[in-house]
Amino acid sequence: MARSGRKAVKVLILTPLITMALSFIILLFFFLSVVLEWTSADNFFFISFEYLGIFSVTIGLLMTIVGVILAIKQKTPLFIAIGTFMIVFMLAVDSWLYWLAFVNEANTKGPIEIVAQQTEVG
């Protein structure tokens with residue numbers, strides 16, 4: 001029973017960690033596509049980044065919280081530290097993603113417009 005509990009903690013904490021890392025790699029490709037003017041790739045990378053962010057907001061955050069609770073019960077300090085860091089980080093990043101996906105309007109300056117302004121050559 002203890003062995004399956006440790007596997008559950010690993011899955012519940014490492015899956016959102018991998019998803020978060022993949023999301024940042026896609027974000028890097030999005031910025032590269034804006035800078036190098038890959039117009040067809042902009043939307044693909046941005047939409048992929050948003051979908052991974054929505055997964056992180058909903059399922060990933062819940063998985064991490066449950067994983068930290070199980071890690072506390074099993075007294076595994078490494079997964080407690082990783083999970084706690086991920087919860088704080090995901091709440092900060094996910095609040096930005098929420099703003100980006102739902103609050104950002106056409107007449108406000110969002111992250112995409114700021115990146116476009118910085119890459120324009122006057």
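Heavy-atom basis, side chains included; hydrogens, waters and symmetry copies ignored.
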Exercise. Can you hop from I59 to I26 via hydrophobic side chains spaced under 4.5 Å?
Worked result: yes
Seminar exercise, completed: Taken to the nearest 0.5 Å, the spacing of I80 CD1 from K75 NZ works out to 9.5 Å
Seminar exercise, completed: Here the pair of heavy atoms bringing L17 nearest to M86 is N-CE, 3.3 Å
Seminar exercise, completed: Heavy-atom nearest pair, V11 first then M63, reads O-CE, 3.9 Å
Exercise. Atom OG1 in T76, atom CD1 in I82: separation rounded to 0.5 Å?
Worked result: 9.5 Å
For this session: Taking all heavy atoms of T84 and all of V68, pick out the closest pair and write down the distance.
Result: N-CG2, 3.8 Å
Problem set entry | Minimum heavy-atom distance P16-M90, with the two atoms named | CB-CE, 4.4 Å
Seminar exercise, completed: Sorted by chain and residue number, the side-chain contact (heavy atoms from CB on, under 4.5 Å) partners of V66 (sequence neighbours excluded) come out as L12, L70
Exercise. I13, L78: one ILVMFWY side-chain cluster at the under-4.5 Å cut-off?
Worked result: yes
Problem set entry | Side-chain touch M20/F89, heavy atoms, less than 4.5 angstrom | yes
